[in-house]
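Below is one structure; the comments refer to it alone.
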Amino acid sequence: MSNPQSTTDIRDRLLDAAGLSLDRLPMLHVIFDRMSTYCADHLRHLAASPMYYSLSHIESGRIGDILESYESNAIAGVFNATEWDSQVLVGFDRDFLFTMVEVLLGADGSEPPVDEERGFSNIELRISQAIFEQMGKALQASFALVADTAFKFERLETRMDFAVIGRRNNQAVVAKFLLQALNRGGEMFVIIPQSVLNPMRQTLARVLSGDSSARDPRWTKQIASEVKRTEVSLRAVLEERHLTLGELADLKIGQVLELQATPRSRVKLEGNEQALFWCHVGQAEGSYVLRIDDFVDQEQEFIDDVLSR
């Protein structure tokens with residue numbers, strides 16, 4: 001008789017060896033998209049020039065292989081996720097860091113970008129640490145959709161072989177983000193061991209679209225404010241008549257077209273060729289005015305139009 005616990009262990013080992021199928025974990029894209037939005041919103045107020053974050057792509061691989069591609073070209077921050085009993089790594093490549101430093105120090109992009117192989121200065125390391133602390137908050141806010149865990153910044157590493165968050169041959173997922181500012185940019189990456197994500201596979205396999213916390217209230221308020229300030233052209237239609245091309249050709253200058261409408265007839269108010277309201281026409285202070293009487297029933301209007309033909 002087989003042991004259910006041993007069967008589960010075997011499945012987990014097979015999954016660890018094979019690697020996660022990212023196509024079956026759509027929630028990861030939602031989480032990291034949310035992280036890019038968080039980063040843009042919370043760092044924007046520190047910068048004099050506009051900057052844009054976007055999720056580039058997500059892939060999986062061995063921790064050692066991922067870090068090796070950034071050796072001598074990046075700086076890494078190691079975070080401790082206590083609830084997960086694991087560590088997560090966030091890194092900035094050289095272009096990302098130099099661009100961020102220029103933006104935060106008020107550059108306008110008129111100077112050419114830094115293009116030299118050198119060690120990072122103390123100022124750059126201090127700025128990196130401040131940004132890493134913001135990244136910890138971004139990770140916590142983003143993963144709150146599926147798990148409540150804090151990410152505590154532990155240390156900063158400039159050598160990738162010291163940025164150890166597990167065995168170098170262990171599988172991991174890496175999300176890569178693009179920063180754009182001052183007509184240049186760079187890459188940020190987040191490495192999470194696969195062993196952390198395995199217990200959340202079922203949750204990550206479905207998109208939690210009903211979670212209200214995914215909305216940014218400030219962004220929602222901004223959108224609502226801009227929509228309300230949008231200018232719209234309206235047109236009041238007293239009566240519509242259908243004429244043939246022959247009747248139009250017979251029209252003469254000075255000819256009077258009689259309307260069936262009366263002062264009590266309802267006026268149709270349209271916006272962008274879309275019927276909106278039924279109104280009554282009147283006068284006030286020497287101007288024509290409309291008083292809204294009812295909404296236009298689009299479905300009924302369509303039926304009436306079909307039956308009238």
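As the structure is a prediction and not an experimental result, all values here were calculated from the model.
- Between L234 and G271, the closest heavy-atom pair is CD2-CA, 4.2 Å.
- Closest heavy-atom contact between S72 and R94: O-NH2, 3.3 Å.
- In R155, the CZ atom is crowded: over 12 heavy atoms of neighbouring residues, nucleotides or ligands sit closer than 6.0 Å.
- Atoms CD1 and CD1, on I31 and I192 in that order, are 8.0 Å from each other to the nearest 0.5 Å.
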Q: Please assess K176 against E59 for the test salt bridge (charged side-chain N to carboxylate O under 4.0 Å, His left out), listing each intermediate value before the final yes or no.
A: CA-CA 8 Å; K176 299 183 179 182; E59 60 188 38; 3.5 Å; yes

Q: Report the C-alpha distance between W84 and F79 in whole Å, list the side-chain angles of each, state the deciding distance to 0.1 Å, and finish with yes or no for ring pair (Phe, Tyr, Trp, His ring centres under 6.0 Å).
A: CA-CA 11 Å; W84 292 350; F79 294 80; over 10 Å; no

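- Under the 4.5 Å side-chain heavy-atom criterion for Ile, Leu, Val, Met, Phe, Trp and Tyr, I58 and Y38 are members of distinct hydrophobic clusters.
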Without placing hydrogens or testing angles, list every side-chain donor-acceptor pair under 3.5 Å for residues 119-131, not counting sequence neighbours.
residue, atom, partner, partner atom, Å
S121, OG, E124, N, 3.3
S121, OG, E124, OE1, 3.3
E124, OE1, R118, NH1, 3.1
E124, OE1, S121, N, 2.9
E124, OE2, R118, NH2, 2.7
S128, OG, E124, O, 2.8

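- Shown here is E239, whose CD atom has more than 12 heavy atoms of other residues, nucleotides or ligands within 6.0 Å.
- The number of heavy atoms from other shown groups lying within 6.0 Å of CD (Q202) does not exceed 12.
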Q: Under the side-chain contact (heavy atoms from CB on, under 4.5 Å) rule, what do L67 and L89 come out as? Steps first, then yes or no, please.
A: CA-CA 10 Å; L67 291 176; L89 187 142; 4.2 Å; yes

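- When all heavy atoms of C279 and L269 are compared, the pair lying nearest together is SG-CB, 3.9 Å.
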(Q) For a side-chain contact (heavy atoms from CB on, under 4.5 Å) check, start with the C-alpha distance between L179 and T99, then their side-chain angles and the critical distance, and finish with the verdict. (A) CA-CA 8 Å; L179 168 71; T99 300; 4.2 Å; yes

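- Rounding to the nearest 0.5 Å places CZ of R62 at 12.0 Å from CZ of R167.
- Using a 4.5 Å cut-off between side-chain heavy atoms of Ile, Leu, Val, Met, Phe, Trp and Tyr, with links allowed through other members, L139 and I66 fall into different hydrophobic clusters.
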**Q.** Working for side-chain contact (heavy atoms from CB on, under 4.5 Å), residues D293 and F277
**A.** CA-CA 7 Å; D293 183 47; F277 301 102; over 6 Å; no

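- Heavy atoms of other residues, nucleotides or ligands lying less than 6.0 angstrom from CG of D85 number 12 at most.
- The distance from the CD atom of Q171 to the CG atom of L197 is 11.5 Å, given to the nearest 0.5 Å.
- V78 and F189 fall within the same hydrophobic cluster, where Ile, Leu, Val, Met, Phe, Trp and Tyr residues are linked whenever their side-chain heavy atoms come under 4.5 Å apart, directly or through other members.
- Scanning all heavy atoms of the two residues, the minimum distance from D161 to V164 falls at O-CG2, 3.7 Å.
- Here the CG atom belonging to L178 is positioned 4.5 Å from the OG atom belonging to S54, to the nearest 0.5 angstrom.
- In this model, a donor atom of one side chain and an acceptor atom of the other lie less than 3.5 Å apart for E187 and Y70.
- The side-chain heavy atoms of L290 and V267, taken from C-beta on, include a pair separated by under 4.5 Å.
- For the pair M35/V190, a side-chain contact is recorded, criterion being any heavy-atom separation below 4.5 Å from C-beta on.
- Counting all heavy atoms, side chain and backbone alike, Q255 lies closest to L251 at OE1-CA, 3.4 Å.
- Taking 4.5 Å as the limit, some side-chain heavy atom of I63 sits within range of a side-chain heavy atom of I165.
- Within the 4.5 Å cutoff, no side-chain heavy atoms of K268 are placed close to those of R235.
- A salt bridge is absent between E154 and K152; no separation between the charged side-chain nitrogens and carboxylate oxygens falls under 4.0 Å.
- The shortest side-chain heavy-atom distance between F177 and F32 falls under the 4.5 Å cut-off.
- In this structure, L248 places its CG atom where more than 12 heavy-atom neighbours from other residues, nucleotides or ligands lie under 6.0 Å away.
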Q) Where do H42 and K137 land on the side-chain contact (heavy atoms from CB on, under 4.5 Å) test, with the steps shown first? A) CA-CA 10 Å; H42 286 74; K137 297 177 183 178; over 6 Å; no

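- Linking Ile, Leu, Val, Met, Phe, Trp and Tyr whenever their side-chain heavy atoms come within less than 4.5 Å puts M160 and V174 in one cluster.
- Formation of a donor-acceptor pair under 3.5 Å by the T37 side chain with backbone atoms of D33 is found in this model.
- Counting all heavy atoms, side chain and backbone alike, Q140 lies closest to F151 at N-CD1, 3.6 Å.
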Q: Show your working on ring pair (Phe, Tyr, Trp, His ring centres under 6.0 Å) between F132 and F92 and close with a plain yes or no.
A: CA-CA 9 Å; F132 279 133; F92 310 140; 4.4 Å; yes

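- In terms of hydrophobic clustering, with Ile, Leu, Val, Met, Phe, Trp and Tyr side chains grouped at heavy-atom distances under 4.5 Å, V173 and L25 are assigned to a common cluster.
- M27 is not listed as a side-chain neighbour of R206, based on a closest heavy-atom distance of 4.5 Å or more.
- Side-chain contact check for R34 versus L145: some heavy-atom pair is nearer than 4.5 Å.
- The distance from atom CZ of R201 to atom CZ of R24, rounded to the nearest 0.5 Å, is 11.5 Å.
- Using a 4.5 Å heavy-atom threshold, the side chains of P193 and S86 count as touching.
- Applying the 6.0 Å contact sphere to CG of D148 captures no more than 12 heavy atoms from other residues, nucleotides or ligands.
- Within the model, atoms CG of L182 and CZ of F98 stand 14.5 Å from one another, a figure rounded to the nearest 0.5 Å.
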Q.
If you apply the rule salt bridge (charged side-chain N to carboxylate O under 4.0 Å, His left out), what do you find for D95 with R184, and how did you get there?
A. CA-CA 8 Å; D95 292 336; R184 66 197 67 164; over 6 Å; no

